[in-house]
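All residue numbers in this chain count up from 1 along the given sequence.
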Amino acid sequence: MSSNTHGLPLHTHKPSRRTTANRIFAVVYGCATLALLSHHALSLLNSTTLTSFFITLTFLISDSILAFMFATTQSFHMRPIYRKEFPENLKRVVEESDFPALDVFISTADPYKEPPMNVVNTALSVMAYDYPIQKVSVYVSDDGGSSLTLFALMEAAKFASHWLPFCRNNNIVECSPEAYFAIDRDSHLSDQVENIKVMYKRMKARVKNVIERGKVTQENITGEEEIQAFNKWTEEFTRQDHPTVIQQVLLESNKDKDITGNLMPNLIYVSREKSKTSTHHFKAGALNVLLRVSAIMTNAPIILTLDCDMHSNDPQTARRALCYILDPEVRPKLGYVQFPQLFRGINKTDIYACEHKRLFQIDPMGMNGLSGSNHLGTGCFFTRRAFFGGPSNFLPPEIPQLSPNNLVDKHIWSSEVMELAYCVAACNYENNTNWGLKIGVRYGSLVEDYFTGYRLQCEGWKSIFCHPDRAAFYGDIPINLVEVLNQNKRWAIGLLEVAFSKFSPITFGTRAMGPLMGLAYAHSGFWPIWSIPIISYAFLPQLTLLNGVTIFPKVSEPWFLLYVYLFLGAYIQDFLDFVLAGGTFYRWWNDQRMWIGDSQATCLG
């Protein structure tokens, strides 16, 4: 199927050929699961000792949880679809001058855990988008309030005047300098590449020098504007307690030009006000500040959210998102277009299962045929309107300047604009408002991405999962096991906060979106309870052996075949999903190994 505008398709989609087989398997496997649970129930009623009773009860509870998680998993297999976009047809449908403006949000919080050069590479990669320059504004949220990050961005602004025309004139697709220089290039560009590489290394050395010193000194500052900017970092300025800093637009798209005379996009540094007496809501609070500040300054109808280490790998990505956003059939209820999270630096077998293929690729593809993918936290193009109530239920913000329909008619650096921008970035601005509750990024969970996407879809918004052949974004992975476990533990806590709240996917989600979407979100929300059956099956067999209690049927008994079917059926389906999504046997094996470890170490840690 396709969506055509003037006879030219902007995008097409087709259902998976495995859909019918998946549905048949779900019914058969579900019946087998019910048979197993009834067998456990009969064994429980026929228990002759207290020990056998409690052991059988534990297995009944564990298998009931496995059955529930199996049911949630099948929601991804009911209607998976594959999409394809045709950005080359956009120019025949709409003029570039009529493209909607784009605000890019890049989030960072700690210059030592999230190196400023990662922020620089991410910013430069999206500034080089194949998109009308005057319509792009990049906002960097520094929730750590670090002068080191601001210095790195100032250096990036200077380097951008050389890097952007280099990418444009040579049709560069890997627009992150770090990623580009990591690969050997053709000889006909050797001189240009060497010159721009030297400039990049010098910039990188200056940033590294400042980070090692831990502060920006006078010798690192070259202009009066920079001196005024860094004077804001006084002795009283701390990560937890500091005023708002909205640094002068490092690049003004209507003024600053690159070395070839072309205009450059806006690049804006924002560090919201923080106070030890105010609640800040972590990343969700920082994103809401960007929503308000950007509304005052540019108010673009499209917003791209990125983590600081998730750089662009394809300058056509924004145009791919437009293939859906500009489709008149899709646009009225489209809340966001989600791209998968993909990672560089993963070894051949992915020993720590950092790829998260099921979370970032397989499950969103399965939701694509329902109401759309969940929000994955980065690489997502939102319509600004989606943050202000449902498609047919607009919730106006407290002041008209924050409305997605407001037209910004004042200069981005006028005193009136800046005064209001500082006002909406204050730490107490959200008091007695709907921010985080009914509008904006939602509060109430450590996994603000999952919760926000879930709430938006409950309000009636649809989403699109866009997975092109060329990766749209690449990110960095945790580099050791401790980081992996800490990350998964944080996810587990945040997901349980949603699962056992009044917005539980089982109750609230099913009523708002239907049973399949409710189950799909429940699969993620209740993911931590995998630990219960895993730990039960890890320790109870030894106890039953010591107490002489029989828990599994003999090979000669008919029930043994049921166990074999349930075991092999689940693993074969999971293996096929993984491999058909581009995985390998060894990566799947490590994914299973880490799944067991994560379930025990992070969910009960």
Side-chain angles (χ1 to χ4, degrees), residues 62 65-66 68-69 72-73 76 107 109-110 113-114 282-284 307-310 338 340-347 349-364 367 373-380 444-454 473-501 504-505 520-538 574 577-578 581 583 586-605:
S62 298
I65 293 174
L66 290 175
F68 168 74
M69 296 305 291
T72 62
T73 302
F76 302 115
S107 302
D110 189 325
K113 293 182 179 179
E114 301 169 337
F282 305 103
K283 182 181 177 181
D307 288 340
C308 64
D309 60 351
M310 189 66 62
Q338 177 68 63
Q341 286 197 44
L342 301 174
F343 304 95
R344 293 189 189 275
I346 298 178
N347 59 29
T349 58
D350 190 14
I351 188 171
Y352 293 138
C354 295
E355 187 180 23
H356 296 291
K357 182 177 286 291
R358 190 168 292 97
L359 174 63
F360 295 142
Q361 299 178 51
I362 298 173
D363 292 351
M367 300 173 73
S373 165
N374 55 322
H375 174 34
L376 301 179
T378 183
C380 188
S445 172
L446 285 177
V447 285
E448 78 293 324
D449 48 359
Y450 168 86
F451 190 44
T452 298
Y454 167 63
F473 303 98
Y474 271 123
D476 294 335
I477 60 172
I479 58 176
N480 57 59
L481 182 59
V482 174
E483 288 189 13
V484 172
L485 295 179
N486 285 335
Q487 180 188 64
N488 289 341
K489 183 177 181 179
R490 181 179 65 83
W491 287 350
I493 294 173
L495 291 170
L496 288 176
E497 287 175 333
V498 179
F500 291 102
S501 71
S504 174
Y521 271 101
H523 179 75
S524 298
F526 288 95
W527 163 72
I529 68 174
W530 280 115
S531 59
I532 297 175
I534 288 175
I535 291 177
S536 296
Y537 273 97
D574 190 83
D577 286 343
F578 197 92
Y586 289 107
R587 286 196 175 191
W588 173 79
W589 182 264
N590 284 323
D591 183 79
Q592 294 298 309
R593 180 178 57 81
M594 286 301 299
W595 170 70
I596 294 175
D598 291 342
S599 298
Q600 297 178 70
T602 64
C603 299
L604 298 180

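Contact record, S373 with P364: OG-CB, 3.4 Å, taken as the closest heavy-atom pair. The minimum heavy-atom distance linking H523 with T72 is given by the pair ND1-OG1, 3.0 Å. What you find for Q361 and L342 is that their closest heavy atoms are NE2-CD2, 3.3 Å. Residues G494 and V447 share a closest heavy-atom pair of C-CG2, 3.4 Å. In terms of heavy-atom proximity, W527 sits nearest to W530 at O-CD1, 2.9 Å. What you find for T452 and E448 is that their closest heavy atoms are OG1-O, 2.7 Å.
Residues R593 and N590 have side chains that bring a donor and an acceptor to within less than 3.5 angstrom of each other.
By the 30° and 60° cut-offs, the orientation of the rings of F360 relative to F343 is tilted.
Distance alone, capped at 3.5 Å, places no donor-acceptor pair between the S504 side chain and the F500 backbone. Without hydrogens or angle criteria, D110 side chain to E114 main chain gives no donor-acceptor distance under 3.5 Å. Remark: side-chain polar atoms of Q341 are not paired, donor with acceptor, to backbone N or O of G475 under 3.5 angstrom. At distances below 3.5 Å, not a single donor-acceptor pair connects side-chain atoms of Q338 with backbone N or O atoms of H375.
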**OP:** Walk me through it: do M594 and N488 pass the test side chain to side chain contact (heavy atoms under 4.5 Å, CB included)?
**Re:** CA-CA 11 Å; M594 286 301 299; N488 289 341; 5.6 Å; no
**OP:** Could you walk me through whether F526 and I65 pass side chain to side chain contact (heavy atoms under 4.5 Å, CB included), step by step?
**Re:** CA-CA 10 Å; F526 288 95; I65 293 174; over 6 Å; no
Subject >> Test side chain to side chain contact (heavy atoms under 4.5 Å, CB included) applied to W491 and L359, step by step >> reply: CA-CA 12 Å; W491 287 350; L359 174 63; 4.0 Å; yes
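Surrounding CH2 of W589 are at most 12 heavy atoms belonging to other residues, nucleotides or ligands under 6.0 Å away.
Annotation: side chain of I346 is in contact with side chain of R587 (closest heavy-atom distance under 4.5 Å).
Note: F451 and Y521 fail the aromatic proximity criterion, with ring centroids not under 6.0 Å apart.
Contact check on R358 versus D591 returns a salt bridge, with a Lys/Arg side-chain nitrogen under 4.0 Å from an Asp/Glu carboxylate oxygen.
In this structure, CD1 in I529 is found 9.0 Å from CG in L66, a value given to the nearest 0.5 Å. Distance OH/Y474 to CZ/R344: 5.5 Å, rounded to 0.5 Å. Interatomic distance, OG of S445 versus CG of L495, reported as 6.5 Å (0.5 Å rounding).
Partners of D307 by salt bridge (Lys or Arg N to Asp or Glu O under 4.0 Å), not counting sequence neighbours, listed by chain and number: K283.
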